[in-house]
Amino acid sequence: MEQRHLGRTGLRVSRLGLGTLTWGRDTGEHDAAEQLKSFRDAGGTLVDTADVYADGGAEYLLGRLLRDLVPRRDVVIATKAGSVLDPGRRVDCSRGHLLAALDASLERLGTDYVDVWQIHAFDPATPVEETLQAIDLAVGSGRARYAGVSNFCGWQLAKAATWQLAAPGARTRLACTQMEYSLLQRGIEREVLPAARDLGLGVLPSSPLGRGVLTGKYRRATPSDSRAASEHLAPFVEPYLDETATRIVDAVATAADGLATTSLQVALAWIRDRPGVVAPIVGARTAQQLGEALSVETLTLPDEICQALDDVSAPVHRYPDQDWSTL
């Protein structure tokens, strides 16, 4: 698998990442082991997780597999901290919570460092400089090698990245931002993506298949074993089952028919090769599903197909996102 630099750093990662959102909950140890082995055999290195996935179960399962199945040196571990399972406070990016969460992640993962440590979301109740100081302490202590953020809007990302760049050598440069990005969700193209590219941050798209909808599995009915049929994931999928999404899904299916491939591969190839993107994070429930995603390595979409998909999924960008002189 082709390797790409993570933002403006020397760290190279595979251009597809393996997501573990369902590990320890919907994906058991056997299926997770098959996924990790298939991913490693295909040349994949970047494995993305978080301390709240399965309430820590995903990290624990990944740690077990790194002890028994795949050598730690073969994997680039990216994890997150800051989300909390508390209805009264969804995010806690205080320095104390973040550093304690990192220590807990390292214990579950069975390692003394993570390759990429990401702040899971912006915390309006904590000064951003306090949050970023936790990153500096984590990298300075060797517990994290690189750092990034996730789910920061444009001004939040620009503020955080600029703060770190203001004291070169003394503060840790942000390497990446992880955001939802797909043919069904192109909102980051308004401000986040331009900011990331200007500041030298690599983009790691989450839900690159539109929460599974872009595979075409929901075109006729809802499969009984799908996320949309799951009690806890149905609300996650439902927003992408409207008429606008249907039009885009149909266009992807048409492109797939013309290229003699699958909708999954077309949608994944489109997002993988977008400017600024380093590695879409693919979350599969089974090794068979992951195998289809990994086969996209040999596919490059023709320019005319990319343009057609751009057109059918184009978000509306007006003032102030569009050049004012054209309005």
Side-chain angles (χ1 to χ4, degrees), residues 1-9 11-19 44 46 48 78 116 118 148-154 157-158 161 174-215 240 244-245 247-249 251-256 259 261-283 292-317 321-322:
M1 189 181 300
E2 181 181 319
Q3 305 287 301
R4 292 173 171 172
H5 283 278
L6 187 65
R8 208 166 290 163
T9 74
L11 178 63
R12 287 165 59 84
V13 300
S14 54
R15 64 174 180 170
L16 283 183
L18 175 61
L46 177 63
D48 180 78
V116 185
Q118 302 160 96
V149 296
S150 176
N151 300 307
F152 278 41
C153 72
L157 177 66
L174 297 182
C176 58
T177 179
Q178 185 171 152
M179 300 290 293
E180 184 170 356
Y181 187 23
S182 73
L183 278 161
L184 296 183
Q185 178 53 271
R186 296 176 61 181
I188 74 164
E189 293 178 7
R190 293 171 63 89
E191 291 188 343
V192 175
L193 188 57
R197 296 183 68 189
D198 183 70
L199 292 162
L201 280 73
V203 176
L204 302 174
S206 60
S207 295
L209 297 173
R211 306 182 183 183
V213 175
L214 286 165
T215 64
Y240 292 162
T244 299
R247 184 174 67 252
I248 298 169
V249 170
V252 171
T254 299
L259 296 171
T261 186
T262 66
S263 293
L264 180 154
Q265 291 172 321
V266 168
L268 194 53
W270 182 88
I271 191 70
R272 181 199 65 199
D273 295 333
R274 296 294 289 176
V277 167
V278 175
I281 306 299
V282 178
E292 185 179 353
L294 294 175
S295 65
V296 79
E297 181 67 18
T298 60
L299 176 64
T300 300
L301 298 181
D303 291 343
E304 57 270 23
I305 295 292
C306 287
Q307 187 60 57
L309 294 175
D310 287 354
D311 292 344
V312 75
S313 64
V316 176
H317 286 182
D321 305 296
Q322 186 177 343

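When reading the values below, keep in mind they use all heavy atoms of this one structure, side chains included, and skip hydrogens, waters and symmetry mates.
- Atoms CG and CZ, on Leu174 and Arg8 in that order, are 12.5 Å from each other to the nearest 0.5 Å.
- Looking only at distances, no side-chain donor or acceptor of Thr261 sits under 3.5 Å from a matching main-chain atom of Ala256.
- Taking Arg12 as the reference, Gln3, His5 meet the side-chain contact (heavy atoms from CB on, under 4.5 Å) condition, with sequence neighbours excluded.
- Of all non-hydrogen atoms in Leu183 and Ala267, the two that sit nearest each other are CD1-CA, 4.2 Å.
- The shortest non-hydrogen separation linking Ala175 to Thr9 is CB-CG2, 3.7 Å.
- Taking 4.5 Å as the limit, some side-chain heavy atom of Ser295 sits within range of a side-chain heavy atom of Gln265.
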**OP:** Decide yes or no on side chain to side chain contact (heavy atoms under 4.5 Å, CB included) for Leu294 and Met1, but give the supporting numbers first.
**Re:** CA-CA 9 Å; Leu294 294 175; Met1 189 181 300; 3.8 Å; yes
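- Partners of Glu189 by salt bridge (charged side-chain N to carboxylate O under 4.0 Å, His left out), not counting sequence neighbours, listed by chain and number: Arg186, Arg274.
- Interatomic distance, OG1 of Thr300 versus CG of Leu259, reported as 11.0 Å (0.5 Å rounding).
- Note: Leu301 CG to Leu268 CG = 9.5 Å, rounded to the nearest 0.5 Å.
- Side chain of Glu191 to backbone of Cys153: no donor-acceptor contact under 3.5 angstrom is found.
- Residues Ser263 and Val252 share a closest heavy-atom pair of O-CG1, 3.5 Å.
- The shortest heavy-atom contact between Arg247 and Val312 is CG-CG2, 4.0 Å.
- Smallest separation of non-hydrogen atoms from Val192 and Gly154: CG2-N, 3.5 Å.
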**OP:** Begin from the C-alpha positions of Leu214 and Val249 and carry the test side chain to side chain contact (heavy atoms under 4.5 Å, CB included) through to its verdict.
**Re:** CA-CA 6 Å; Leu214 286 165; Val249 170; 4.2 Å; yes
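- Taking CG from Leu46 and OG from Ser14, the interatomic distance works out to 5.5 Å, rounded to the nearest 0.5 Å.
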**OP:** Walk me through it: do Thr262 and Glu292 pass the test side-chain hydrogen bond (donor to acceptor under 3.5 Å, both in side chains)?
**Re:** CA-CA 9 Å; Thr262 66; Glu292 185 179 353; 2.7 Å; yes
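- Rounded to the nearest 0.5 angstrom, Trp270 CH2 and Ile305 CD1 are separated by 14.0 Å.
- No more than 12 heavy atoms of other residues, nucleotides or ligands lie within 6.0 Å of CG in Asp303, so this atom counts as exposed by the packing criterion.
- A heavy-atom distance below 4.5 Å is not found between the side chains of Thr177 and Ile188.
- With Val266 as the fixed residue, the side-chain contact (heavy atoms from CB on, under 4.5 Å) test singles out one of Leu309, Thr254, Val296: Leu309.
- For the pair Thr215 (side chain) and Leu264 (backbone), a donor-acceptor distance under 3.5 Å is absent.
- Here the side chain of Arg4 pairs a donor or acceptor atom with the backbone of Val278 at under 3.5 angstrom.
- Taking CG of Leu299 as the start and CG of Asp273 as the end, the distance is 8.5 Å to the nearest 0.5 Å.
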**OP:** Using the side chain to side chain contact (heavy atoms under 4.5 Å, CB included) rule, take Asp48 and Gln118 through it: C-alpha gap first, then chi angles, then the decisive distance, then the call.
**Re:** CA-CA 10 Å; Asp48 180 78; Gln118 302 160 96; 3.3 Å; yes
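- Not a single donor-acceptor pair under 3.5 Å links the side chain of Arg15 to the backbone N or O of Val277.
- One N or O on the side chain of Gln185 and one on the backbone of Gly187 form a donor-acceptor pair closer than 3.5 Å.
- The two residues Ala279 and Pro205 make their nearest non-hydrogen contact at O-CD, 3.4 Å.
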**OP:** Go through the steps to decide whether Leu204 and Leu6 satisfy the test side chain to side chain contact (heavy atoms under 4.5 Å, CB included), and finish with yes or no.
**Re:** CA-CA 9 Å; Leu204 302 174; Leu6 187 65; 4.0 Å; yes
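- Looking at heavy atoms from C-beta onward, Leu184 lies out of side-chain contact with Ser313 at the 4.5 angstrom threshold.
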